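A quick note: this is a predicted structure, and the numbers were derived from the prediction, not measured. Ligands are counted one by one from 1 in listed order, and the atoms in each one are counted from 1 as well.
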Amino acid sequence: MKPSKRSRRYFLRHALTGAGAALLAGCDALSNSSWFPKVLGIGEHLSRVAQHLVTSRRSMAQEFTEADLSPHFRSNGTANPEDSEYQALAARGFQDWKLRVDGLVQAPAEFTLAELRAMPSRTQITRHDCVEGWSAIGKWTGVQLSHVLELVRLQPEARYVVFHCADPMWGEPEKYYESIDLEDALHPQTILAYELNDEILPIKNGAPLRVRIERQLGYKMAKYLMRIEAVESFATIRGGNGGYWEDRGYEWYAGI
Ligand SMILES: Nc1nc2c(c(=O)[nH]1)N[C@H]1C(S)=C(S)[C@@H](COP(=O)(O)O)O[C@H]1N2
Ligand SMILES: [Mo]
């Protein structure tokens with residue numbers, strides 16, 4: 001992505017400036033002193049730790065086979081949004097539903113279900129873990145979030161994506177929402193799913209579209225998506241903690 005390339009270049013330029021300064025100070029003097037190799041050693045250790053963090057965040061979640069599928073993929077949280085706009089959309093089979101993608105993007109857009117279905121798709125059989133103590137294995141089909149984000153072109157300042165949902169929570173005016181960083185947003189297994197177990201995504205599981213973020217816990221995987229917003233910080237959104245449950249004390253990072 002452009003922003004990270006730019007910051008890497010910035011980092012390199014400054015690192016080289018440092019090396020240049022060391023050269024000016026005299027290489028011999030530096031390499032003969034006893035502290036210099038030690039400092040290098042610490043740097044090496046730190047970069048190994050950083051490397052490990054990066055590779056583990058980039059690793060794939062386990063995928064399963066058809067034989068592992070749970071007989072029934074249960075519903076949790078909202079099973080049918082109590083929202084008149086959503087109910088009207090559902091009554092017409094989501095023909096008029098559109099996903100809005102905006103915020104820090106160069107080309108804000110709206111996508112119909114048909115448009116999303118026409119994009120390249122990915123199917124994955126994965127295990128869903130809910131903090132309430134249940135798991136289920138399901139087969140999900142959808143479009144990679146990275147594909148959609150490429151279409152709208154993230155601005156360099158964008159650091160998170162926020163998912164805005166249709167369902168109000170227990171009669172409260174506020175609706176479910178969640179957020180993830182770009183590492184998770186651009187991960188190949190992060191998809192906007194419109195099918196579960198080879199069938200149209202049922203309302204109980206988030207129709208017409210829900211996100212799958214396979215290395216994260218269940219509550220991150222927003223159902224009933226209406227809008228995806230790219231932001232620099234989620235501090236100013238709602239309770240400021242990046243999600244409906246996070247505003248009530250859950251961890252923002254719910255991944256492995
Ligand atoms: N919009 C919305 N998304 C949501 C929820 C919700 O209540 N509303 N519940 C979350 C929780 S806690 C879990 S475990 C999963 C449940 O997904 P499922 O209904 O497909 O089992 O959705 C998550 N996403
Ligand atoms: Mo959950």
Side-chain angles (χ1 to χ4, degrees), residues 61 64 68-90 94 97-101 113 116 122-142 145 160-180 184-185 187 189-229 234 237-239 241-256:
F64 298 80
D68 304 312
L69 286 175
S70 301
H72 169 73
F73 199 101
R74 61 166 281 184
S75 171
N76 202 48
T78 305
N80 189 2
E82 282 176 30
D83 175 72
S84 54
E85 190 195 347
Y86 179 87
Q87 288 300 329
L89 291 166
F94 300 107
W97 171 92
K98 282 189 186 109
L99 176 72
R100 177 151 187 83
V101 188
L113 206 47
L116 293 166
R122 187 178 203 284
T123 296
Q124 57 204 31
I125 300 178
T126 52
R127 195 187 64 222
H128 178 108
D129 298 308
C130 171
V131 289
E132 287 169 44
W134 60 274
S135 296
I137 294 180
K139 179 179 180 182
W140 303 94
T141 299
L145 177 56
Y160 303 95
V161 296
V162 182
F163 303 104
H164 297 279
C165 308
D167 53 324
M169 300 300 285
W170 298 292
E172 300 167 23
E174 59 172 313
K175 296 181 175 177
Y176 202 90
Y177 81 107
E178 256 305 336
S179 62
I180 55 173
D184 270 332
H187 189 277
Q189 286 170 315
T190 298
I191 62 171
L192 302 174
Y194 43 72
E195 269 175 33
L196 169 58
N197 296 338
D198 296 316
E199 289 181 3
I200 291 175
L201 184 66
I203 286 185
K204 70 177 178 53
N205 301 107
L209 195 72
R210 71 98 51 87
V211 67
R212 297 294 312 168
I213 312 147
E214 301 297 355
R215 297 166 313 159
Q216 295 273 0
L217 289 170
Y219 63 87
K220 300 298 284 187
M221 306 200 209
K223 309 195 280 187
Y224 317 113
L225 293 179
M226 298 299 289
R227 176 180 172 220
I228 297 177
E229 182 190 10
F234 46 74
I237 297 175
R238 305 273 290 278
N241 300 293
Y244 176 84
W245 286 114
E246 286 86 335
D247 286 340
R248 284 153 186 79
Y250 280 34
E251 288 290 322
W252 177 79
Y253 188 70
I256 50 172

Would you list the atom pairs, donor with acceptor, under 3.5 Å between side chains in residues 197-208 and any protein atom, with sequence neighbours excluded?
unit_1, atom_1, unit_2, atom_2, d
N197, OD1, K139, N, 2.9
D198, OD1, K139, NZ, 3.1
D198, OD2, K139, NZ, 3.1
K204, NZ, F73, O, 2.8
N205, ND2, R74, O, 3.2

Considering only protein heavy atoms, which is closest to [atom], and at what distance to one decimal place?
atom: atom 7 (O) of ligand 1; value: T78 N, 2.9 Å
atom: atom 10 (C) of ligand 1; value: Y176 OH, 3.4 Å
atom: atom 19 (O) of ligand 1; value: K223 NZ, 2.5 Å
atom: atom 21 (O) of ligand 1; value: R74 O, 2.7 Å
atom: atom 23 (C) of ligand 1; value: G218 O, 3.3 Å
atom: atom 8 (N) of ligand 1; value: D167 OD2, 2.7 Å
atom: atom 14 (S) of ligand 1; value: H128 NE2, 3.2 Å

Geometry only, no angles: is [X] polar-contacting ligand 1 at N/O separations under 3.5 Å?
X: N76; answer: yes
X: N205; answer: yes
X: Y219; answer: no

Would you say [X] touches ligand 1, if touching means a heavy atom closer than 4.0 Å?
X: K220; value: no
X: A222; value: yes
X: Y244; value: no
X: E178; value: no

Does CD belonging to E85 count more than 12 external heavy atoms closer than 6.0 Å?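 Not buried by this count: 12 neighbours or fewer within 6.0 Å.
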Which atom pair, heavy atoms only, marks the closest approach of [X] to [Y]?
X: E246; Y: N241; result: CB-O, 3.2 Å
X: P81; Y: D167; result: CB-CB, 3.7 Å
X: L116; Y: Y194; result: O-CE2, 4.0 Å
X: K223; Y: S75; result: NZ-OG, 3.7 Å

Residue part near ligand 1, for R210, under 4.0 Å between non-hydrogen atoms: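 Side chain only.
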Considering the heavy atoms of [X], write down every atom of ligand 1 situated less than 4.0 Å from one of them.
X: M221; result: 22 (O), 23 (C), 24 (N)
X: C165; result: 1 (N)
X: G77; result: 7 (O)
X: W134; result: 14 (S), 21 (O)
X: C130; result: 14 (S)
X: K204; result: 19 (O)
X: Y224; result: 1 (N)

Would you call E174 and R248 a salt bridge, taking side-chain N to carboxylate O under 4.0 Å as the test?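 The answer is yes: the pair qualifies as a salt bridge.
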Could you check whether K220 pairs with D184 (Lys NZ or Arg NE/NH1/NH2 to Asp/Glu carboxylate O, under 4.0 Å)?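 No, no charged N to carboxylate O under 4.0 Å.
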Gap separating the OH atom of Y224 from the OH atom of Y176, nearest 0.5 angstrom: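 That separation rounds to 11.0 Å.
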Given W140, which of Q189, E195, R210 fulfils the side chain to side chain contact (heavy atoms under 4.5 Å, CB included) condition?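 Of Q189, E195, R210, side chain to side chain contact (heavy atoms under 4.5 Å, CB included) with W140 is met by R210 alone.
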Is the side chain of S179 donor-acceptor paired with the backbone N or O of G242 at a distance under 3.5 Å, no angle test?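 Yes: the side chain of S179 pairs with the backbone of G242.
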Can you classify the ring geometry of Y250 versus Y219 as parallel (below 30°), tilted (30 to 60°) or perpendicular (above 60°)?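 Perpendicular.
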Go through the steps for E229 and I237 under the test side chain to side chain contact (heavy atoms under 4.5 Å, CB included), then give the verdict. CA-CA 11 Å; E229 182 190 10; I237 297 175; 3.9 Å; yes
